[in-house]
Colleague: 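Sending over a structure as structure tokens; questions will come in a sec.
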Amino acid sequence: MNSPFELSKEEMQSYGYKIVDIIVNHFTNEENKKPVTKASREEMDSIFLSEAPEKGTSADEVLDFVTNNVLPNSNISSHPKSFSFVPGPSNFISAMADSLATGFNIFSGGWIVSPAAAELEIVTLNWLLKMFNFPVAEGGGIFTSGGSMANLTALVTARRVKCGEDFSNAVIYLSDQAHSSNIKAITVLGFKKDQVKILPTDLEFKFSINKLKNEIAKDKLEGKKPFCIIASAGTTNTGTVDPLDTLADICEKENLWFHIDGAYGAAAILSKKGSRTLRGIERADSLTVDPHKWFFQPYEIGCLLVKDSSWLSGTFSEKPEYLRDIEGNESEINFYDYGIQLTRRFRALKFYMSIKTFGLEAFKKAITYNIDLADKTEEILRKSTDWEIVSPATLAIINFRYNPLDKNLSEKELDTLNQEISTRVVDSKEAFLVTTILQNQVVIRMCLINPRTTLKHIQDTLKECDDFAKEILLEWKK
Ligand SMILES: *Cc1c(COP(=O)(O)O)cnc(C)c1O
């Protein structure tokens, strides 16, 4: 045996089974753990900081160390009381599918290297294309590491298709509620500040159409070249969906690329209510969807869908001499020609296996449940004279603040109070519940895309907030 990395069959089995047991334990016992962990750099350093060891240690010993120190020092993003950012309510089938993909180390770049991997990516992308009413024959897409990479891939493509080589005059439009990854992508692409128009949203946090029209008209008069609008189908802050149909009309009239960032929200297409909210999504040129959010997949899987797959191949195909032998014919897609990565992990497998196992029905049920749960949460909050809804339940996100009617608190006091409520909840580790800023107010935000979250989890958390609020007001002698 020459390779220093080999284990005996028995060693591999016992090690592997042990890990499966740890994961199964996590899935079955998650609710009894606290969703939040907190550790400083010093604390982490004191556990982990060391030189790379020259000599190895027994596999079991390393695994035990990791089980005791690494796993508990990470928030549980699939915990039913993990309400912040966009939670990651993963599923066991997909977690195991990822282990298979990694275990076999399947290269998902070129057709001849792994025809089945490419085929499963084509098949699952077709499922998504159909879901969003994109044309399956001409349409296409690619799985990425996440929504950030999908947005970047979209904007590279949009710029190439609309501007070709010269983008010195090109202007791109987005709202102040668009996700920060779009700004990052624009930075990566090297646009100058005056080529990016971030427009303030209206009172409902939607793209303000009049401002947009004025800006486009002004830019054209100045000899600039408007080329792209980025809309949000579910802003991360409030779940708000921009007026997609109206924006699509503007894009058609002005010959602009229409990109929709539906990283978290687009999955709501699978529910009746969500699909009404998302009306017009099918008119995008490109659409970002993040299966590792509301499609219940483990990290990382994001996705970009486009109306015409040749837009991607026309943007990303390079023909270096060392890839000559694996080019193949056109129907046999090499996904390295559709995006930025050459070597790619087999992301389609988990999506494929979980949808085959549970059926779309399960996904529809879970997403519908989530949207209803947020509506019920809004009802509960509206019944109380202590809570104020700042942004109503939309695509399972709701924003609210503690504002007791009888206390007459100033805006500044309300900001401090709500910030402090969130801090105390997080410090208690019972729930992951953080704030955001809406219209200059500090508000508490809940994103309820976890099908394991029940109304009881929410009521318990609101009760905790209530108790902390009263405690704080008492400290303030209010
Ligand atoms: C989460 C999110 C992103 C970024 O996606 P990642 O998978 O975190 O890279 C982009 N846009 C929106 C609207 C999001 O909610």
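Order of listing sets the numbers, starting from 1, for every ligand and every atom in it. Residues take their numbers from the sequence shown, with the count starting at 1.
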Colleague: If only atom types and distance count, is the side chain of Ser422 paired as donor or acceptor with the main-chain N or O of Leu433 below 3.5 Å?
Modeller: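 The answer is yes, because a donor-acceptor pair under 3.5 Å joins these two groups.
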Colleague: Among all protein heavy atoms, pick out the one at the shortest distance from atom 7 (O) of ligand 1; state its residue, atom name and that distance to 0.1 Å.
Modeller: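 I find the closest protein heavy atom is Asp290 OD2, 2.6 Å.
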Colleague: For atom 6 (P) of ligand 1, which protein heavy atom lies nearest, and how many Å away is it?
Modeller: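 Sorting protein heavy atoms by distance from atom 6 (P) of ligand 1 puts Gly147 N, 3.3 Å first.
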Colleague: Taking only non-hydrogen atoms of Ser181, do any sit less than 4.0 angstrom from ligand 1?
Modeller: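 For ligand 1, residue contact (heavy atoms, under 4.0 Å) with Ser181 is present.
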Colleague: Could you verify whether a donor N or O on one side chain and an acceptor N or O on the other, from Asn151 and Thr288, lie under 3.5 Å apart?
Modeller: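 Indeed, the side chains of Asn151 and Thr288 share at least one donor-acceptor pair under 3.5 Å.
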Colleague: Relative to atom 4 (C) of ligand 1, which among His179, Gln177, Met149 owns the nearest non-hydrogen atom?
Modeller: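 Of the listed residues, His179 has the closest heavy atom.
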Colleague: Taking it one step at a time, do Thr436 and Asn237 satisfy side chain to side chain donor-acceptor pair (under 3.5 Å)?
Modeller: CA-CA 7 Å; Thr436 188; Asn237 257 341; 2.6 Å; yes
Colleague: Write out the residue and atom name of the closest protein heavy atom to atom 2 (C) of ligand 1, then the distance separating them to 0.1 Å.
Modeller: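 For atom 2 (C) of ligand 1, the nearest protein heavy atom is Lys293 NZ, 2.3 Å.
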Colleague: Only heavy atoms count here, so choose which of Gly265, Ser148, Ser180 is nearest to atom 8 (O) of ligand 1.
Modeller: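 Nearest heavy atom to atom 8 (O) of ligand 1 lies in Ser148.
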Colleague: Assess, by modelled atom type and distance only, whether the side chains of Gln177 and Thr240 contain a donor and an acceptor separated by less than 3.5 Å.
Modeller: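 There is no such pair (donor and acceptor under 3.5 Å, judged by atom type) between the side chains of Gln177 and Thr240.
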Colleague: Check Thr235 against ligand 1 and report side chain, backbone, both or neither, counting heavy atoms closer than 4.0 Å.
Modeller: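 Neither part.
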Colleague: Pull out every atom of ligand 1 sitting under 4.0 Å from any heavy atom of Gly146, numbered as shown with elements.
Modeller: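 Per the distance check, 7 (O), 9 (O).
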Colleague: Taking the side chain from Asn403 and the backbone from Trp387, do they hold a donor-acceptor pair closer than 3.5 Å?
Modeller: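 Flag not set: sc Asn403 to bb Trp387 has no pair under 3.5 Å.
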Colleague: If we ignore hydrogens and angles and just use 3.5 Å, is the side chain of Arg160 paired with the main-chain N or O of Trp311 as donor and acceptor?
Modeller: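 It does hold such a pair.
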Colleague: Among protein heavy atoms, which lies nearest atom 11 (N) of ligand 1, and at what distance?
Modeller: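 Its nearest protein heavy-atom neighbour is Asp261 OD2, 2.7 Å.
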Colleague: Does His292 have a non-hydrogen atom less than 4.0 Å from ligand 1?
Modeller: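 Flag set, His292 near ligand 1.
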Colleague: Look at ligand 1 and say whether Asn182 reaches it with a heavy atom at a distance under 4.0 Å.
Modeller: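 No heavy atom of Asn182 comes that close to ligand 1.
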Colleague: Just checking, is any N or O donor in the side chain of Asp261 or Asn182 under 3.5 Å from an acceptor N or O on the other one?
Modeller: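 The criterion, which ignores hydrogens and geometry beyond distance, is satisfied for Asn182 and Asp261.
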Colleague: For Glu300, which part has a heavy atom under 4.0 Å from ligand 1: side chain, backbone, both, or neither?
Modeller: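 Answer for Glu300: neither.
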Colleague: Count the heavy atoms of every other residue, nucleotide or ligand shown that sit under 6.0 Å from CG of Asn29, and state whether that count exceeds 12.
Modeller: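 Yes, the 6.0 Å shell around CG holds more than 12 heavy atoms from other groups.
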